[in-house]
Amino acid sequence: LFRDPAFWDAGWVREHLTPRLMRRLAASGTRAELVACATLLSLAPGPADRAALMAGFEEAMRGRSLPGLPEELGRALESSGLLTPVLRARRGDAEALRDMIRQAGDAAASAEQRIAAIRLLGEVRPADAAEVLLGVVRSEAAVAVRTAACAALSGYDGEGLGTALAAALPGFPVAVRDAAVNLLASRAAWSRALVAAVSTGRLPRGAVPVEVRARMGRHGDPTIEAWLARQPAVAPAGSSVWRPRIEAVRKVITATPGDPYRGEPLFMDRCGGCHTLFFKGGKIGPDLTSYQRDDLGTMLISIIDPNAEIREGYENHLVTTKDGRTLGGFLADQDARVIVLRGYEGTDLTLARSEVASLDPAGRSLMPEGLLEEYSDQEIRDLFAYLRQSQPIVR
């Protein structure tokens, strides 16, 4: 079939079939199917067909290095003329890796270019990229660039990284702070630096969500455990413990009207990283546009007690890696060779299954408790005024 030129003439083949087939074959990782990738590249009749195949191949290579490819596939990739800088870096090309490091730290590059380079560095983990990634987190770059750098640093070790990051936490925007807290909780030494930041008052206690504290407890570190023992007990989902807070917030909201125009930036800052509303926001949690936002009771339970009901597909998972990290998120993607965790701060982390020691459901929502605790009463009214709008606001 693939040797028939007429087969390749159909537009849907190039747009849908061959990229997906290439991705499936490449993701399997077996020698026979990787050689089949080389065969497909050799049979593709034109540059557009080879480009479509290469797009599928590059997608399959997320989180993987490429030094052990069959010789046939290596030759086919080289001869395609479409071996991208990212794929060259995955193959261990020193010059391509240096280019990726430069691009990650280049303030003049676009956010999309920097994020692509940062994700590659987080997966390939060249030793000389760690300081560059730390510099990106502490820079004035776009929030998405800085949170991507936090996720990329997860694969690096060294107590100094955690100490430097914890020292910079108080000056971070909320979304970057959330990503950095998530990162610091992944290693015992870094978690101790996070504990110190909270204990000295440089960081509010509410900045470390319950889900993150649970992961910190898996390190088995006496200093961390002593700190955790002093934290408020976690109320069970659906518990009556939450009722007074729900009623208090209800009274705040219904006392006087809020301003949806002031509420929109509050939503984008605290909720928009995960949820979409009126075509704005992230796609980590459910789209809120069609949600029952006119039902204040339902909304308050979902926000204040997010574990009362967890939507299917949004369950939190805990991962322990063989190098001692504890990570959390929901399974955004997986195949026979990698898993992709997506945390509530919106960053994806790709892990090879070979580095995973355990993967367990956490039994809790990825959405953290206490989202409203840092807001004033007026800010709460403004946020809910925006959330309860039936139409997008027009400025």
Side-chain angles (χ1 to χ4, degrees), residues 27 29 59-60 62-64 119 122-123 125 147-148 150-157 175 178-188 190-191 194 207-221 224-225 228 231 234-238 271 273-276 282-287 302-303 305-371:
E59 177 66 19
R62 284 188 310 169
R64 302 167 171 89
R119 287 176 176 168
E123 294 168 5
R125 303 172 195 171
T147 56
C150 284
L153 279 169
S154 171
Y156 290 86
D157 204 346
D178 289 347
V181 165
N182 190 50
L183 170 63
L184 289 170
S186 66
R187 296 186 183 274
W190 296 359
S191 292
L194 178 58
V208 186
V210 169
E211 183 273 330
V212 172
R213 298 206 305 262
R215 285 196 283 116
M216 293 167 65
R218 291 166 71 98
H219 292 305
D221 182 275
I224 299 169
E225 290 178 347
L228 291 172
Q231 306 313 303
V234 177
C271 313
C274 293
H275 296 285
T276 296
K283 299 185 183 300
I284 298 170
D287 187 332
S302 297
I303 293 171
D305 185 10
N307 296 294
E309 182 179 353
I310 304 174
R311 293 268 302 263
E312 184 177 357
Y314 297 97
E315 302 90 347
N316 194 9
H317 284 74
L318 296 176
V319 173
T320 302
T321 64
K322 294 175 182 177
D323 66 351
R325 288 176 287 163
T326 62
L327 308 166
F330 74 82
L331 293 177
D333 197 6
Q334 61 178 317
D335 60 34
R337 298 176 64 193
V338 301
I339 64 172
V340 181
L341 280 180
R342 184 169 298 163
Y344 74 85
E345 78 287 349
T347 52
D348 283 358
L349 182 62
T350 303
L351 298 166
R353 287 192 181 272
S354 60
E355 62 182 325
V356 174
S358 65
L359 171 64
D360 305 300
R364 298 184 65 83
S365 170
L366 193 62
M367 182 172 169
E369 298 163 356
L371 283 175

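Just so you know, these numbers come straight off a predicted model, no measurement behind them.
In this structure, V340 and L331 have side chains that are not in contact, with every pair of non-hydrogen atoms separated by 4.5 Å or more. A heavy-atom distance below 4.5 Å is not found between the side chains of L318 and T326.
For the side chain to side chain contact (heavy atoms under 4.5 Å, CB included) test, residues two or more places apart in sequence or in another chain that qualify with Q231 are R205, R213, W227. Scanning for side chain to side chain donor-acceptor pair (under 3.5 Å) contacts around R218 gives T320, with sequence neighbours left out. The side chain to side chain donor-acceptor pair (under 3.5 Å) test applied to S302 returns Y291, not counting sequence neighbours. Among residues two or more places apart in sequence or in another chain, the side chain to side chain contact (heavy atoms under 4.5 Å, CB included) test is passed with L349 by S154, L327, L351. Applying the salt bridge (charged side-chain N to carboxylate O under 4.0 Å, His left out) criterion to R353, with sequence neighbours excluded, gives no partner residue.
Of all the heavy atoms in A179 and T147, the pair that sits closest is CB-CG2, 3.8 Å. For the pair P209 and V181, the tightest heavy-atom approach, listed with the atom from each and the gap, is CD-CG1, 4.5 Å. Residues V208 and V212 come closest through the heavy atom pair CG1-CG1, 3.9 Å. Between M216 and A185, the shortest heavy-atom contact is CG-CB, 3.6 Å. Looking at every heavy atom in both residues, I224 comes nearest to S191 through CD1-CB, 3.4 Å.
Taking the charged nitrogens against the carboxylate oxygens, R215 and E211 do have a contact shorter than 4.0 Å, which makes a salt bridge.
Panel note: side chain R187, backbone Y156; a donor-acceptor pair is recorded below 3.5 Å.
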